[in-house]
Amino acid sequence: MLLPRNLKALCRLWVADRFMAELLQFVISGLTVGAVYALVALGFTLIYNATDVVNFAQGEFVMIGGMVSAFAYAAGVPLMFAAMLAIIVAIIVGLILYRFGIEPARGASSVVLIIITIGASIAMRGLAALVFDKQFHKLPAFSGEAAIRVLDASIVPQALWVLGGALVIVAALWLFLTRTLFGKAVLATAANRMAAQLVGVNTSFVMSFSFAASAAIGAIAGVLVTPITFTSYDVGTALALKGFAAAVLGGMGNPLGAVAGGLIIGLLEALGAGYVSSSYKDAIAFMVLIGVLMLMPGGLFGKAHTERV
Amino acid sequence: MSRLLSSRYAALMFVALVVIVPGLMLNSSFYLRVGALIFIFGFAALGLNLLMGYAGQVSLGHAGFIGIGAYATAVLPTHFGWNIFAAMAAGVAGAGLIAYIVGGPILRLKGHYLAVATLALGILISMVISNEVKYTGGPDGMAVPRLEVFGFRLRTAQHWYWISGGVLFLGIVAAQNLIESPTGRALRALHDSEVAAGTLGIDAARYKLIAFVVSAVYAAISGVCFALLNGHITPDSASFLRSVELVTMVVIGGMGSILGALVGAALLGLLEQLLAQFHEVETLILGLVMMAVMIFMRDGIVPTLQRLLFSRRAS
Amino acid sequence: MTGVRCFVKSSLAVLALPVLMAGTALAQGTVKIGALLAVTGPAAFLGEPEEKTLKMYVEELNAKGGVNGQKIELVIYDDGGDASKTRTFAQRLVEEDKVVAILGPSTSGPTMAISQVVEDAGIPLISFGGAAVIVQPMKKFVFKTPHSDRMACEKVFEDMKKKKLTKAGLITGTDAFGKSIREGCIAAAPTYGVEIVGDETYNPTDKDMTPQLTNLKNKAGIQAIMSGSFGAPAAIVTKNVKQVGVTVPFYQNHGVASKSWIDLSGDAAEGVLLPAAAVLVADKLADSDPQKKVALAYKTTYEKATGKPISTFGGHAYDGLMILVEAMQRAKTSDPKKVRDEIEKTKGFIGTAGIFNMTDKDHMGLDLAAFKMVTVKGGNWQLAE
Amino acid sequence: MTAPVLEADGVGISFGGVRAVDNVSFRAYPGRVLSIIGPNGAGKTTLFNLVSGVYRSDSGRIRVNGVDATGARPARLAQLGLSRTFQNLQIFGRMTALENVMVGRHLRERHNVVLHLLGVAGGEHATREASEALLDRIGLLSHAHEEASSLSYGVLKRLEIARALATEPKVLLLDEPAAGCNAVETAEIDELLIALAKSGLAIVLVEHDMKLVMSLSDSVLVLDQGRSLVEGPPNDVARDPRVIAAYLGVAAEGDLAGGRMPGGTHAAT
C-alpha cells in the first residue's frame, strides 16, 4: 500500500525477520504521533512568524477542533459539516484571542505575551469544561477502523489521514508564504513590522490572519486526530508542550522545520518505547532535543541570526 | 544612595509586616498553611526572578529544582538513613550542582531555545521522580520525615508559617544584597546590554550561570520547605505546570522586582482559595485574571503600582 | 507608607473573605460534610461523576429530612488531582468549614497526602482512591470504597487460572492508578501461578501505544495481556491491541468501567474482559443477587438526573456517602469520632461496588466476590461468568 | 617610540559574501590619538566591533598590550586593557549614572557570589569612590543618582566614556563620541580626550566631526569600502587626492579639513 510493488517484493525477503516488522511498526507509530505534533508545531510557526508571539494556547485550538466536531457530530451533524463548524469556531476564538488578548498588549516583552497566551489557554480550557464536559469524546475514523497490514506491521487508515493532512497543510503553508503576495506580506511583517507597515502592508490584518489561520490549522489537526487520540477539554496542554518542543527543534519559524521536528520527536518516542524503555521514552526524546540544540542552537532548520528574543 | 537605602528598607519592612501581622492575627492552620505556601513559592519565584528579571534568561524547568530539594529531603533519610539536615543540605547543594553542570552548555541557547532546553531539563527531572518508584514512591508520592530541632517536632502549619516566612525574609535580604553587589550590577548590566557589559570585562556566560545556579538553589530551598510543610510529596511538586506557575508568578508580580515575586505568589495562592468556592468557573476566571493583569500591567503588578505611586507623589 | 498599610489591610481582607462567607453559611441544624474531588485535571472523569452523585444524593437525603434531623451541607473543593492543593483544601475543610467528615479525594496520591491531616483532626475520611496503600497499613480515620487495584489483578489472574493461562504481559500507565495496578499484579502473580513475561508502561498523555504492544505481542509464549489504565489511554490501548493484531486474551481493569470506554474503543472493545463492580451490569444481574436492587436504583437515578450513562466511579461516591450517612444514623450524632467508630462497624452494607463488611482491621471491607468478570458484547456490558 | 598597545594586522570580516572589512591594519600607541575616518558604510564601526571582540575577525591578528588577542571575546579584551564606547548608545538604562560607571569597575572588584549574597562584599566603598571621582572628572556628578534612561543624549555620550574609563584601559576605542552633542559638549569632549591622551592612554576614534578629528589626532586612518586607504598625519591625509576621491570627489580640501564630513548626505558607493 505504501511502497511500490518491486520494493515491496524486495522487502518481503526480510519480512521473515521479525526485526523488520517491529521496526516498521515503531516507525508507523512514530510518524502517526509525530504528525500530530507537527500539526501543532505548524500552528506555533505561523503565529510566531507574523507576530513574534509564542502562542501557548495553540493546543487549545486542537481541543476546540476536536470537541466542537465531536459534539456536533454526536448531535447528528454530518461529519464534514461538523468539521467545518469546528474550524469556524476555532477561527472565531483565534480572532478573539488576537483582538482582546494580543493586540492590546502589543509591544510587551515576549515573556509577557507568553503569559497572556498561557492565561488564554487556561481560560479556554475552563470555558470548554463549562460549555462541553470533562469526559473524553471521539469521532468516527474517516475511512473505517480496519487496520491496514503493511509487511506484518499495521496502520490504521486514520493515521494516513493525519499524515496526509500534515503534508497538505505544510505544502499549502509553504506555497502561501513563498508564492503569494499576501504570504510575503506575512513574512515581511515577521521580519520587520515597521518596515512592512511603511511599504503598505496592513500588519494588523496580517497578524489577525495569522491567528485565524493558526486556529484553523489547529482545528483541522483536532478533527483529524480525534478518531485516533480522542479529545477532552484538557488535551491542549500536553499537545502545546510537544508542539512547542517540535517547533523549536525544527527551528522556530520554519514550517518545514516544524514538521521535521514533530516527526522526529514522534519517531524518537516510538523507537525509544520500542527498543529502550517505555517509561523513559519521553526522556530519550527530550535528551536528544537538548543534544541537538547544543550542536545547533538555532534548531535543525533555523538560522542563528533570525533569533528575535 | 539614601533613596536606594530607604527603598530597600521599606521593602524589607513591608515583607516583615506581611509575614508578622497575618501570622499574629490568623489562628487557623488553614490560613497559616496558605500563607506558608505563598512564602515558599514566593521564595522560589524570587530566585527565578533573579534569573529572569536580572540575568534576562527564562527557565521553564525550575520546578525540577524544587523537586530535587523536596525529594532529597524525603528520600535520603528514608532510604539511606541520612540525617535529615544533611539530606536538606544535600538537596540544595545537589540542585546547585546540577544547575552548574547543565547550565554551562544550555545557557548558550537564547530565548525560546533556552526555554525549551530548560523545559526538557525540568521534565527529565520530574520523569525520574515519577519513574523511580522504588525510591520515590512514584506518582503516589512518599512521606517526608518530620524535622526535629532540639527534640521539638516541627510539623504544624503554624511552625512552617513562621519558618518559611523567616526563610523568605532572609531570601529577600540575600537577593537584595546580591543585586546591589558587583555581581548584581554585572547581571543587570548584562540584561540591559550584553555587548556593553562584555566590553567592560563581564563574562556573560559566567554570570548567566551564576544566576542560574543561585535561582536553582533558591528553588531547592523552597522545595525543602515545601516537603517539610506537607509531610508528603508527590511528583506534582516538580511538574511542568508548577514551572509554568513559577514563571507566571514572576511575570505577574513584576520581573526584576524583589517584591514582585512575593506579590505574584500571593496573587496566585489567594486566587486559588478565593475561586475554590466557584470551582465551576475557577479555571476560566484564573485564566482571564492572568490575561487582564498582563494586558493592563505589562511590567507586572509591583512595578506598575510603584510607578503610579511615584507619579502621584511627584504631581 | 499609607500605600503599604493599605495593601496589608486589603490583603488581610482578601484572606478574611472566605471566613466571612463560611460564617454566614454556618446555619443551625445542619451537618457539614466535606468533599475533595478532582473535578478538573487528568482525573476529572472520576471527579465529575463523583461530584454529580454526591450533589444528587445529598439533595435527595435533605428532601427526606436529612440525617438525624439535620440537613446535610456539602462543601466541595476541586483539588485538580494535585496532592499539595488537596492538602490545603483538607485543612480548609477541617479548620474553616469545620466539617464532620470528608469524602474523597478521587485519587490515591492526594489521599495519601491528606491522611495525616484527618488523623490529626480526628475526622473520618472515606476515599475514592483505588490504591491499597490507602488502608494498608491501616489508619484510624481513613476508609475507602473502591476495590483495591490489586484485587483487579487477583480477579483477572483467577480468571486466567481457570483458563489455564500462566504467562501474562502487563501494560500500565505511569500515573498513580497504572502504577498501583502494575505493583498489585506483580505482587499477586505468584499466588496464582502467573508469570509476568512483559512489563510495558506509557505516559498518560500518550497518543499511541503500538510500540509497547508490539513488544508484548512478540514476547515468547505470552498467553494474556493485562492493561492497567483509565480514561482516554485505556481506549487507545484497547484499539491498539486490535490494531497490532494481538490474539491472546486481553484483560482491562475496573478503571475503564464506564460506557464511555466502550464508546471510545468501538469495535475494539468487543470481547475484552475486565473485573468490575456489579453496578455496571445492574440490569443483567440475577434477581436473586442482593446487589441488584441497589445497583439498579443508582443506575436509574443517576442516568435520569444527568442524562449520561453511569460509571462505577460515581458509584464509589454513592457508597461513601451512604456508608457515612448510615454510620451517622447509627451513631445518632455527627460527632466525628463516634461516626468513625460506626463506619468501622459497617456490616453487610450493600453498595454499588459490592457488599461492605468493615472491621477494625479492614477499612475497605470488600472481597473478591464484589468484582464481577464482565465483557463487552454488541457494545454493551455482559456478565462473563 | 614606545610599543603599541593595540595592533591590528590584516583583520577582516564578510557578511553574506560582502567583504565589510578587508585586510585592515593599524596600531595605537600610548598617549596618542588615532582617528579612523571614511564615508558612511566604509566599515569603521565594523572595524571597531572586530577589534573589540564583538565580531570575530576571519583573518589577521589582533594584539593588545603585546598579548595575542585574536578571536578573544570582549570580556577578555577588557582584561587586557581595551575598552570602548558605542555609536548607538549601549547604556544600562535601568541603572543610575553612578551604577553605570560602577559596572565599569567590574574587573577591579573581587567577585564571590556567596559573599555577595551575604552582603559582606568588600571593596564596595572603593568602587563607589573611584566611580564618583570619574563622574566628577567628566562633569556628571550632579547626575550620579538619576536613572540613566532619564538622562539626555549628550550626557549619556559622556557617561559612556566615563564607564569605559572606569575599567582603567590602556587603549580606548571611541565610536563617534561627539555625535549629537552641541558645540559646548563637543569642546568638553575635545578637552577631555586631550587630557586622557596626555595621561598616556592610547585613543582610537571614529568621528565625523572633522574639526575634532583634525585638532585631536596624531594620526588618521582613512577607510573606504572596507579597505584601508591612507594612514598618516591629519594634514597629509586631508590633502591626499585618494581621500578626496573617496568622499565622492566633491568635498574640497578646505571642507574636509575644516568642516563636517559630508558622509550623511552622500551615500558611499
Side-chain angles (χ1 to χ4, degrees), chain A residues 18 21-34 36-37 74 125-126 129 133-138 140-141 144-149 152-156 159 225 227-235 237-239 241-242 266 269-275 277-282, chain C residues 38-49 51-52 78 80 171-174 179 182 198-218 230-236 239-240 242-245 258-261 263-268 306 308-309 311:
Chain A
R18 210 177 60 199
E22 267 181 17
L23 177 64
L24 191 60
Q25 187 67 58
F26 300 158
V27 169
I28 287 172
S29 163
L31 290 178
T32 309
V33 176
V36 181
Y37 300 159
R125 219 178 305 148
D133 60 13
K134 289 165 191 144
Q135 304 298 316
F136 297 100
H137 298 277
K138 68 159 186 179
E145 300 272 359
I148 303 163
R149 309 296 298 179
D152 243 25
S154 63
I155 182 167
V156 287
V225 304
I228 300 182
T229 67
F230 312 120
T231 190
S232 71
Y233 77 108
D234 66 350
V235 292
T237 317
L239 286 173
L241 186 87
K242 294 279 171 66
E269 285 180 6
L271 294 174
Y275 290 124
S277 149
S278 45
S279 340
Y280 278 108
K281 71 183 171 52
D282 282 25
Chain C
V39 185
T40 56
F45 74 100
L46 296 175
E48 195 177 47
E51 185 190 25
K52 282 184 175 145
D78 169 20
I171 177 159
T172 53
T174 54
K179 175 215 154 200
R182 181 175 170 271
D199 179 12
E200 296 282 338
T201 61
Y202 61 84
N203 290 333
T205 53
D206 282 357
K207 307 294 181 206
D208 186 279
M209 288 68 158
T210 52
Q212 290 94 323
L213 288 166
T214 304
N215 280 347
L216 283 184
K217 184 183 94 169
N218 292 341
F230 62 81
I236 296 176
K239 288 178 87 165
N240 287 167
K242 188 158 184 220
Q243 183 192 337
V244 301
S258 67
K259 186 76 167 49
S260 121
W261 169 75
D263 288 343
L264 294 178
S265 310
D267 288 346
T306 64
K308 294 200 166 137
S311 62

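Order of the sequence lines sets the chain letters (A, B, ...), proteins ahead of strands, with each chain counted from 1. Just so it is clear, the structure is predicted and the values come from calculations on it, not from any experiment.
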inquiry  = Can you tell me which portion of C:Asn240 sits under 4.5 Å from chain A's heavy atoms? Options are side chain, backbone, both or neither.
reply    = neither
key: Nearest non-hydrogen partners of C:Asn215 and A:Phe26, listed with the distance   = OD1-CZ, 3.4 Å
inquiry  = Donor-acceptor check, side chain of A:Lys138 to backbone of C:Asp263, threshold 3.5 angstrom: yes or no?
reply    = yes
remark   = If one checks every heavy atom of C:Asp208 against chain A at 4.5 Å, the contacting part turns out to be both
Engaged part of C:Thr40 at the chain A interface, taking heavy atoms whose separation is under 4.5 Å = both
message = Within this structure, what is the OH-CD distance for the pair A:Tyr233 and C:Glu48, rounded to the nearest 0.5 Å?
response = 8.5 Å
key: Any A:Glu269 side-chain heavy atom under 4.5 Å of C:Pro211 side chain   = no
query = Taking side chain as C-beta onward, heavy atoms only, is C:Asn203 less than 4.5 Å from A:Lys281?
reply = yes
key: Distance in Å, A:Phe136 CZ paired with C:Phe230 CZ, rounded so as to fall on 0.5 Å steps   = 7.5 Å
remark   = Turns out that what part of C:Glu200 lies under 4.5 Å from chain A's heavy atoms comes down to both
inquiry  = Minimum heavy-atom separation for A:Ser29 and C:Thr210, please, with both atom names.
reply    = CB-OG1, 3.1 Å
Proximal component of A:Ala273, with respect to chain C [non-hydrogen, under 4.5 Å] = both
note = Smallest heavy-atom separation, C:Lys239 atom then A:Pro227 atom, equals NZ-O, 3.0 Å
key: Under 4.5 Å from a heavy atom of chain C, the part of A:Pro140 involved   = neither
task = Using modelled atom types only, decide if a donor and an acceptor are shared between the side chain of C:Thr214 and the backbone of A:Glu22 within a distance under 3.5 Å.
result = no
inquiry  = Between C:Lys242 and chain A, with a heavy-atom cut-off of 4.5 Å, which part of the residue counts as in contact: side chain, backbone, both or neither?
reply    = neither
inquiry  = Heavy-atom cut-off 4.5 Å, strictly under: side chain, backbone, both or neither for C:Lys207 against chain A?
reply    = both
message = Please classify the contact of A:Val33 with chain C as side chain, backbone, both or neither, using a heavy-atom distance under 4.5 Å.
response = side chain
ask   = Hey, what do you get for CD1 (A:Ile28) to CD (C:Gln243), rounding to the nearest 0.5 Å?
value = 8.0 Å
key: Any side-chain heavy-atom pair of A:Glu145 and C:Asp267 under 4.5 Å   = no
note = Looking only at heavy atoms, the pair that brings A:Ile228 and C:Ile236 closest together is O-CG1, 3.9 Å
note = Honestly, the part of A:Leu239 sitting under 4.5 Å from a heavy atom of chain C is side chain
ask   = Hey, are A:Ser279 and C:Thr174 close enough side-chain-wise for a donor-acceptor pair under 3.5 Å?
value = no
query = Where on C:Ala235 is there a heavy atom nearer than 4.5 Å to chain A: the side chain, the backbone, both, or neither?
reply = both
